[in-house]
Amino acid sequence: MSILHTLPALGRSACTLLTTASLLLLTACSSLDLPFAKRDAAGTLADAPPASGPAPEPRNARLALANASKDNVPLAVEGARAPNAPSVITRSLSLDALRGGNTAAPAVNDEDEAKDAAGPPTDPLRPEATLNLDDREAAKDLWGRVRQGFTLPPLESELVADHERWYASRPDYVQRMTDRANRYLFHVVEEVERRGMPSELALLPFIESAFNPQALSSARASGIWQFMPATGKDFELKQNLFRDDRRDVLASTRAAMDYLQRLYRMFGDWHLALAAYNWGEGNVQRAIARNTKAGLPTDYLSLNMPAETRHYVPKLHAVRNIVANPDNFGLALSPIENHPYFVSVPIQRDMDVALAARLAQLTQADFQALNPSMNKPVILAAGTPQILLPYDNASSFMHNLSRHKGTLASWTAWVVPKTMRPSDAAKRLGMSESDLREINRIPPRMLVKAGSTLLVPRSQHREQDVSESVADNAMMTLAPDLPPMRRMTVKARKRDTVASIARRYKVSEAQVAQWNKVRAGATFKRAQAVVVYVPVKAARAVASRDDDDRPKARSRSTSSAKASAKNTRASTKVAASKPAGKAKARQVASSRNQGKTKVTAPSRQQPRARVVAANSNP
């Protein structure tokens, strides 16, 4: 009986041992790198082609495959959307892609570093929306959605017809513009509709830049919205060594809409707001004030404006009319699908632009067309929160990045500790001077000032990613490589100008004007004190040359010296001749007395010697 009573206890102990063994076995298996454990249920990304494989499938084929797998994980829950916007935007990305950026631990090796380099892709304008291309609205033509939002009042001007004829006669130009707009127009329309603004404003980049994000005007306005540097800073568009957000399509579109809304609140009229966007609000306000004072109308067509501003709004109306009825002008607009061209992929580690393009299976030109704000061949995670990629390319990027082995960035930033020549900086960094000058665009005969940031090769001594403070504020300041300068004050001559002073001391007119706080064409008064800076070694030569400018005073002093010397010589001659005369008289008297010694009159050249000789005779 005792044995029978112990059997239940033994059974329970055996079960406990079996359970413990099972847990240990499961733990051991989970730590193994099993290939089947990595496969995605749908296999969407596991079957993606490698970086050197064939190009992504056409857009229509992607539409059919949007819901091929029921196990695909959506990026986010669908959120609020603008009127006429598709309820879902692009394809869901599989688990394998989403796992790429979930690890936040520090990088241990190259493979772990790659897995931690990017986060899950999302729609940059509506990150809360579900991404799926199998939606009826997504397959519609975006031009129809744009036409439905036309609300600008008509503009009765012959200039509108002139620009309609101009565009109609250049179908190739219109085709190039619409091809470029294919990448960006959906996102611009989304931003315009979200704010309840007229959809004609989404066509404004056709006028500003022909939808070229790399466009740069002679006045240094940049991007599809042509922001000036100062205006861009007013609307928080970063401009530093590594990036220029005036070229960033999303950031500049947000800033442009902010600016246009502010102008509309200021003038209460979209035509005047557009004129102010082109000409400046201050100029438009002054033009309105002049017409008000003269008792004239103050609408757009009544104001006295420069030719560019006078044609600006008519151009927009001409493009609007062409989009509304392209057949009336003999033009055909390429269809643009009503969904995003790209998604946003968060970047968490520094990465070369060339590597990112290769992982996304894009050419570098296509990659930069979607990410035009980058100034350097490296993406800094601290200063670039995201990159934009087409949907399937984002999938390939995440797939290839998770399997990438090797370094992600071959470039980094170095802050110059003191002002130095590029040759000294290159020697310190272990690179050639020509490479340092080329990658940082340093012209000849220039110094790199302390605090400047240079792009340099990444090495074992510089493995850390660039900090946020450097990424956001990196600038390069240069100074002329000149010898030490000495400040001098010289007196201006008669009719001296800034130009003549500059020629005399071999400096630029701008420098002379800056040193003396005058205009470049200013004239100096005679004897006016003029400040110049010259090399220390040349300072003495300058002072000597200034002494040559006083010939009269020097002549007077020289004449006085000559006269004084002449008087001195005359006095000496008189003093010398008097003793000689007395000696002659004594000798004549002596000869009369003695009748033996004949004395010759002393020579004028040697009076004292001959007199002494005569006196020494017995």
Side-chain angles (χ1 to χ4, degrees), residues 124-125 152 180-181 184-185 187-192 194-198 200-289 300 303-316 319 371-375 383-385 388 471-477:
L125 291 181
L152 277 185
R180 282 195 292 262
Y184 318 118
L185 186 59
H187 298 275
V188 177
V189 172
E190 284 275 294
E191 187 70 22
V192 168
R194 187 177 68 84
R195 298 170 183 245
M197 302 167 75
E200 289 95 336
L201 300 180
L203 307 177
L204 199 58
F206 283 116
I207 314 304
E208 287 286 349
S209 61
F211 264 104
N212 180 7
Q214 300 288 355
L216 181 66
S217 74
S218 58
R220 305 205 61 76
S222 184
I224 65 171
W225 296 98
Q226 289 291 282
F227 271 98
M228 295 290 289
T231 310
K233 291 179 181 177
D234 289 343
F235 288 91
E236 300 178 353
L237 296 177
K238 293 181 181 178
Q239 301 161 59
N240 56 46
L241 191 70
F242 291 97
R243 63 181 294 112
D244 187 345
D245 281 349
R246 295 179 299 161
R247 298 196 301 265
D248 185 294
V249 175
L250 299 180
S252 64
T253 298
R254 182 265 310 158
M257 295 302 105
D258 288 345
Y259 191 19
L260 286 167
Q261 281 185 318
R262 190 180 81 177
L263 294 172
Y264 180 72
R265 288 193 297 268
M266 184 180 298
F267 296 103
D269 179 275
W270 279 116
H271 289 161
L272 293 178
L274 289 166
Y277 186 87
N278 175 258
W279 191 23
E281 57 263 41
N283 291 324
V284 173
Q285 287 173 329
R286 285 187 286 272
I288 291 174
Y300 172 81
L303 298 182
N304 184 17
M305 297 177 291
E308 179 183 337
T309 309
R310 192 166 62 252
H311 286 258
Y312 187 71
V313 177
K315 279 184 183 179
L316 180 62
V319 171
N371 302 276
S373 63
M374 299 172 189
N375 293 331
T384 306
L388 305 180
D472 285 343
N473 302 295
M475 300 296 290
M476 184 173 65
T477 308

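Predicted, not measured: the structure shown is a model, and the values here were computed from it.
The minimum heavy-atom distance linking Gly383 with Ala471 is given by the pair N-CB, 3.7 Å. Heavy-atom minimum distance, Gly223 versus Ser209: O-CB, 3.6 Å. The shortest non-hydrogen separation linking Arg180 to Ala210 is NE-O, 3.0 Å. Contact detail for Ser222 and Arg247: the closest heavy-atom pair is OG-CG, 3.3 Å.
Rounding to the nearest 0.5 Å places CD of Gln226 at 11.5 Å from OG1 of Thr231. One distance of note links CG of Leu204 with OG1 of Thr253; it measures 10.5 Å at 0.5 Å rounding. Within the model, atoms NZ of Lys233 and CG of Asp245 stand 12.5 Å from one another, a figure rounded to the nearest 0.5 Å. With rounding to the nearest 0.5 Å, the separation of CG in Asn283 from CG in Asn304 is 11.5 Å. Here the straight-line distance linking atom CZ of Arg246 with atom CD of Gln239 works out to 4.5 Å at 0.5 Å rounding. For the atom pair Glu200 CD and Leu152 CG, the distance stands at 4.0 Å (nearest 0.5 Å).
Between Asp248 and Leu237, every side-chain heavy-atom pair lies at or beyond the 4.5 Å cut-off. Residues Tyr184 and Pro213 have side chains in contact (heavy-atom distance under 4.5 Å, counting atoms from C-beta outward). Put simply, the side chain of Leu250 reaches to within 4.5 Å of the side chain of Leu388, judged on heavy atoms. When side chains are defined from C-beta on, Thr309 does not count as touching Val284, because their heavy atoms never get closer than 4.5 Å. Put simply, the side chain of Arg195 reaches to within 4.5 Å of the side chain of Arg254, judged on heavy atoms. With contacts defined as side-chain heavy-atom distances shorter than 4.5 Å, the pair Val313/Asn278 does not qualify. Under the 4.5 Å side-chain criterion, counting only non-hydrogen atoms from C-beta, His187 is not in contact with Val249. Between Phe267 and Ile288 there is a side-chain heavy-atom pair separated by less than 4.5 Å.
Listed for the Asn240 side chain is a donor-acceptor partner under 3.5 Å among the backbone atoms of Asp472. Using modelled atom types, one side-chain atom of Tyr300 and one backbone atom of Arg310 make a donor-acceptor pair closer than 3.5 Å.
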Next item on the list: Could you go through the salt bridge (charged side-chain N to carboxylate O under 4.0 Å, His left out) check for Glu190 and Arg194 one step at a time?
Entry: CA-CA 6 Å; Glu190 284 275 294; Arg194 187 177 68 84; over 6 Å; no

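Taking a 6.0 Å sphere around CD of Gln214, one finds it holds more than 12 heavy atoms contributed by other residues, nucleotides or ligands. For Arg220, the CZ atom sits in a loose shell: 12 or fewer heavy atoms of surrounding residues, nucleotides or ligands are nearer than 6.0 Å.
The ring pair (Phe, Tyr, Trp, His ring centres under 6.0 Å) analysis of residues 211-239, with sequence neighbours excluded, yields the pairs Phe206-Phe211, Phe235-Tyr259.
Remark: of the listed residues His271, Met305, Glu208, Glu208 is the sole one forming a side chain to side chain contact (heavy atoms under 4.5 Å, CB included) with Tyr312.
Comment: Asp258 does not engage Arg262 in a salt bridge, judged by the lack of any side-chain N to carboxylate O separation of less than 4.0 angstrom.
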